[in-house]
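A short write-up of the structure that comes next.
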Protein chains: 2
Amino acid sequence: MLTPIDQLALERAPTFREAAYHAIKQAILNGSLESGQPLVEERLAEMLQISRTPVREALAILEHEGLIAPVYRRGLFVCKLTREQVIELFTANEAVEPFLARRAAHYASPEQTVALESAIRDGEACAERNDIAGFLRAGRIFHAGIGRAAGNLTLARFVERNEERVDLFLMGYRKAVDVEMMRTSNREHRAIYRAIVQRDPDAAARLSIYHLQSVRERFAALVGDDDRDDALPLDN
Amino acid sequence: MLTPIDQLALERAPTFREAAYHAIKQAILNGSLESGQPLVEERLAEMLQISRTPVREALAILEHEGLIAPVYRRGLFVCKLTREQVIELFTANEAVEPFLARRAAHYASPEQTVALESAIRDGEACAERNDIAGFLRAGRIFHAGIGRAAGNLTLARFVERNEERVDLFLMGYRKAVDVEMMRTSNREHRAIYRAIVQRDPDAAARLSIYHLQSVRERFAALVGDDDRDDALPLDN
DNA sequence: TATCAGTTTATGGTATACACAATGCTCACA
DNA sequence: TGTGAGCATTGTGTATACCATAAACTGATA
């Protein structure tokens, strides 16, 4: 997984750098690039059928975003976040998401609510066929969609990046994710969605908070207290 | 302003890319790189005494952060934000900063409060000698310091980036910034600081909200209703 | 088995080349 | 004097080749 950059990719991203950035990020979040092995520039360039130059620039950005981390002169590795870092990300989202849900209930346009619905449906379909990566991706789209509907691109992107990093962590536990977890999450998404459609800001914010707590609990159930400290201390 | 990368710069940033990133960002926020003229890679490389490659990588990151924006095959330009974008940034910070101030009042360590105090003092000194760029920089350090004291690096960095973009905008109006404005802002910072030191989370949050509203008002007074729409529609 | 030297690998950086796009300039022409 | 076509210039976006460095691997030797 990490196919050559074709015409289609270039239509969405004007430059090779951008296309490579998206392709590599996708591959990381799909789990196609396993987090143990290093990302070798030349290999990536070969896979994408481009030269090292735009690959390096894409990697520089991904590094800055905290998805990959360099070990000096040893290579770039997909980040292994610690539990503490993930909890920090949860906290960050808790500060922001209820705020966004509230505003989304105020401002969401019809097209935006349609986008939310389709993200939920996508998530549901992925859950049923046990496609973890797809389920997580749909979740990111849903949360980012709320941000957009709230009319604040800055916060929307912030949440999206946080979700990406959380999902990256969760992919490491994907064997432990079961269908029921995903279904629960989807139900909560749908509840938030309904509150937004019904223009009920208080409910949207409340349900958003509930969802985040619920996610935290599922996270604790997944990760538990096991002190698997194989995580590299890589705080980009 | 944009001196060659020396030993000192390399000590703080391990690679040329990182050093270039910091140097260029500094120059932009100092106002040394005027926002009208393009940032020419080769010129920057020459000034920093390095080759184009690390400069390009640094620029790719700055572009991704929304401080500079490319015009396809015409060059990179320092972003000119619109009023609407700045207001979006204010809103984002309003969602986050009271949250951080509250937590900082809980968790701030002695070293962290010392850092806050020194940032405030720096801001005061800059205000008296009418050093706008320095005053803004001190403000960024103060706000980022609260984020760090709150124990959430993710949110701290988010606020810091937002402040950077706001300050970039404000530098465009630096002729209109007067000492009294800066003094007012500094007083508000000091009030937040006191609440944090006195371990009064409610007061810290309240004063943080007050400060943000006050900043917004000063912003409106500065920018007013004048429809100077010379701003490029550059939303990175 | 343990150690040490040589080989391999891949980054971080330099340098160069070139297509393409946009801009500016020149100069002929009206 | 004013206009416009064509050319030169500029600078990005990408490719390519090369090097120093440092870590990892390999294998020979004691």
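The shown structure was predicted, so the numbers you read here are calculated from the model rather than taken from an experiment.
- The side chain of B/Pro54 has C/dT14 as its nearest neighbour among C/dT14, D/dT14, C/dT11.
- Spacing between atom CD of A/Gln49 and atom C1' of D/dT14 amounts to 15 Å, rounded to whole angstrom units.
- Using a cut-off of 4.0 Å between Lys/Arg side-chain N and Asp/Glu carboxylate O, A/Arg56 and A/Glu42 are scored as not salt-bridged.
- Here the side chain of A/Phe16 is nearest to one of D/dA15, D/dG11, C/dG13, namely D/dA15.
- The side chain of B/Glu41 sits closest to D/dG13 out of D/dG13, C/dG13, C/dG12.
- For the pair A/Arg43 and C/dA10, the criterion of a side-chain N or O lying under 4.0 Å from OP1 or OP2 is met.
- Of the charged side-chain nitrogens involved, at least one lies within less than 4.0 Å of a carboxylate oxygen, so that B/Arg137 and B/Asp122 count as a salt-bridged pair.
- With D/dT12, C/dG13, C/dT11 as the choices, the nucleotide that has an atom nearest any side-chain atom of B/Val40 turns out to be D/dT12.
- Atom CD in A/Glu42 sits roughly 18 Å away from atom P in D/dT14 (whole-Å rounding).
- Between A/Glu65 and A/Arg165, none of the side-chain N atoms (NZ, or NE/NH1/NH2) sits under 4.0 Å from a carboxylate O, so this pair counts as no salt bridge.
- Ion pairing between a basic and an acidic side chain is recognised when a charged N comes within 4.0 Å of a carboxylate O; A/Glu18 and A/Arg12 show no such pairing.
- Judged by distance alone with a 3.5 Å cut-off, a donor-acceptor contact links the side chain of A/Thr53 to the base of D/dA15.
- Judged by distance alone, with hydrogens and angles left aside, B/Arg56 brings no side-chain donor or acceptor close enough to the base of C/dG13 to form a pair under 3.5 Å.
- If you measure from atom CG of A/Leu48 to atom C1' of D/dA15, you get 15 Å, rounded to the nearest angstrom.
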